[in-house]
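Have a look at the structure below, then the notes.
Owing to the predicted nature of the structure, the values given are computational and were not obtained by experimental measurement. Counting convention: from 1, in listed order, for ligands and their atoms alike.
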Amino acid sequence: MGVKIIGLGASIPLKLVTNEELSKVLDTSDEWITTRTGIKRRHHSSLNETTSYLSYKAGIAALKSVTQADDSDIDTLIVATSTPDRRCPATAPKVATMLGLGKIRAFDINAVCTGFVYALELADALIRSGKSRRLMLLGADVFTSILDKQDRTTYPLFGDAAGAMILTNSDDDNILSTYTGSDGEYEHLITIPDGGTESALRLDGVSKNIFFKMAGKEVFLKAISHMKESVSEVLNLSGLTKEDVDYLVPHQANKRIIDTLTQFLDLNEDQALMSLEEYGNTSAASIPITLARHVKAGTINSGNKIVVTAFGGGITWGAALLRWPDEKINADLI
Ligand code: UT7
């Protein structure tokens, strides 16, 4: 049994924030942000644009993108997020209800920026085992809800978004291999120190340090080494080589990281597909929104072999090797 990609969609909040606008309220500049990261703009959620709302919209876009006539219902919904609507319960059951999918299996997973790759690996296993016949997976994050607006080392880097993919069991196979890993020794590199059980027990329920923190330089180096390892693993697992790869769709954190991976895979710059100049780092959403953008633009076509790879808090990392399906997917960003 194979796993086929049949739907793809994304949702981007309305409010656009440029580097120039940020430079007016923070000690930063368009020049610094552009040269150090490649980001020019990002979109910020307004009050009602929560993780569930963006997920719902991305889910609608993905459902609309399906062109194959088929009567199977979605039986599983996975939301990869580290910014759920509430700490408890998970966001996925709410999204399933908003989408009218019925009383299906629905749960969140948290691998921070690697969330979509983790969800993809899990989705692949659920379908291959026969536990699920048709599944929607989402990468959705509203990082502006956890950022300190005064912190120039994090605030300019992130944007909010959600991306959705629909998978089904099939004789075709679009997921050729997946690989994931983690190392909890480095949990301090990307973290919100307080607000969980550790601080609740220590601080008697009072959260002090509730903003997202990232040790940028150390993360930069670890992201490169673990994403290189991940892409090598998925190539080995599928028996393919670098020459077989048509496109790289990496986590959109930093253009300098993406350039290093592009060289590592011996690809041209235009084979490394990007969205970070427009949307910034959207954490778990970054891979599906980048895929949606380039499927919509017609860059990604049937039969293309695509390596997706991500790195994030935990620390976590992973990759997947995809073969783009033959049937058209009307992907859209709404
Ligand atoms: O999504 C999960 C995975 N995340 C990543 O992969 C992110 C990986 N890390 C990075 O992308 C980069 O490390 C950053 C973009 C976060 C930072 O770039 P960097 O070149 O590593 O800069 P840095 O942290 O070494 O900072 C260099 C200087 C510092 O000033 P001093 O100490 O040299 O005087 C910073 O205070 O740049 C300063 N700086 C800024 N200056 C203007 C930091 N942020 C800014 C800013 N505007 N926004």
Side-chain angles (χ1 to χ4, degrees), residues 17-42 80-83 110-118 139-161 163 180-183 186-192 211-231 248-262 264 272 274-277 279-290 308-319:
V17 181
T18 63
N19 289 349
E20 288 77 10
E21 286 171 85
L22 282 182
S23 318
K24 289 183 192 142
V25 290
L26 265 183
D27 181 14
T28 189
S29 63
D30 174 45
E31 201 267 333
W32 192 95
I33 302 171
T34 306
T35 54
R36 304 312 295 162
T37 72
I39 299 164
K40 297 295 287 180
R41 293 169 286 278
R42 74 286 294 139
T81 187
S82 51
T83 53
N110 179 357
V112 199
C113 298
T114 321
F116 187 79
V117 176
Y118 265 69
D141 270 309
V142 178
F143 253 54
T144 50
S145 67
I146 56 170
L147 296 177
D148 176 356
K149 289 189 171 67
Q150 318 288 328
D151 182 1
R152 70 174 183 172
T153 68
T154 54
Y155 196 62
L157 307 180
F158 293 89
D160 304 325
T180 51
S182 75
D183 188 350
Y186 296 100
E187 67 162 355
H188 57 283
L189 295 184
I190 297 175
T191 187
I192 301 173
F211 291 122
F212 176 86
K213 304 261 182 304
M214 181 169 70
K217 264 210 161 22
E218 277 177 273
V219 170
F220 188 96
L221 297 173
K222 293 224 172 285
I224 290 173
S225 70
H226 286 300
M227 286 197 283
K228 278 184 183 175
E229 166 201 332
S230 301
V231 302
L248 168 69
V249 177
H251 173 50
Q252 305 283 304
N254 190 312
K255 176 143 187 343
R256 291 182 290 139
I257 296 176
I258 295 173
D259 288 345
T260 307
L261 291 174
T262 309
F264 176 69
M274 309 265 289
S275 65
L276 99 169
E277 78 289 358
Y279 306 121
N281 179 348
T282 57
S283 188
S286 88
I287 287 176
I289 69 170
T290 308
V308 303
T309 184
F311 176 88
I315 53 177
T316 54
W317 56 85

Considering only N or O atoms, set out every pair between ligand 1 and the protein closer than 3.5 Å, with distances to one decimal place.
from: ligand 1; atom 1: 1 (O); to: His251; atom 2: NE2; distance (Å): 2.8
from: ligand 1; atom 1: 1 (O); to: Asn281; atom 2: ND2; distance (Å): 2.7
from: ligand 1; atom 1: 9 (N); to: Gly216; atom 2: O; distance (Å): 3.1
from: ligand 1; atom 1: 11 (O); to: Asn254; atom 2: ND2; distance (Å): 2.7
from: ligand 1; atom 1: 13 (O); to: Gly216; atom 2: O; distance (Å): 3.1
from: ligand 1; atom 1: 20 (O); to: Arg36; atom 2: NE; distance (Å): 3.0
from: ligand 1; atom 1: 20 (O); to: Arg36; atom 2: NH2; distance (Å): 2.8
from: ligand 1; atom 1: 20 (O); to: Arg256; atom 2: NH2; distance (Å): 3.1
from: ligand 1; atom 1: 21 (O); to: Lys217; atom 2: NZ; distance (Å): 3.4
from: ligand 1; atom 1: 25 (O); to: Lys217; atom 2: NZ; distance (Å): 2.6
from: ligand 1; atom 1: 36 (O); to: Arg152; atom 2: NH2; distance (Å): 3.0
from: ligand 1; atom 1: 37 (O); to: Trp32; atom 2: NE1; distance (Å): 3.3
from: ligand 1; atom 1: 41 (N); to: Trp32; atom 2: NE1; distance (Å): 3.4
from: ligand 1; atom 1: 41 (N); to: Arg152; atom 2: NH1; distance (Å): 3.4
from: ligand 1; atom 1: 47 (N); to: Thr28; atom 2: OG1; distance (Å): 2.6
from: ligand 1; atom 1: 48 (N); to: Thr28; atom 2: OG1; distance (Å): 3.0
from: ligand 1; atom 1: 48 (N); to: Arg152; atom 2: O; distance (Å): 2.9

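For the residue pair Glu21 / Thr18, a side-chain donor-acceptor distance below 3.5 Å is found, with atom types taken as modelled.
In this pair, Phe311 and Trp317 present their aromatic rings parallel. The plane angle is below 30°, not in the 30 to 60° band.
At distances below 3.5 Å, not a single donor-acceptor pair connects side-chain atoms of Arg256 with backbone N or O atoms of Thr37. Looking only at distances, a side-chain donor or acceptor of Ser230 sits under 3.5 Å from a matching main-chain atom of His226.
Between Met227 and Ile257, the closest side-chain pair of non-hydrogen atoms falls below 4.5 Å.
Taking the ring centre of Tyr186 as origin, the terminal cationic atom of Lys222 falls inside the region bounded by 6.0 Å and 45° from the ring axis.
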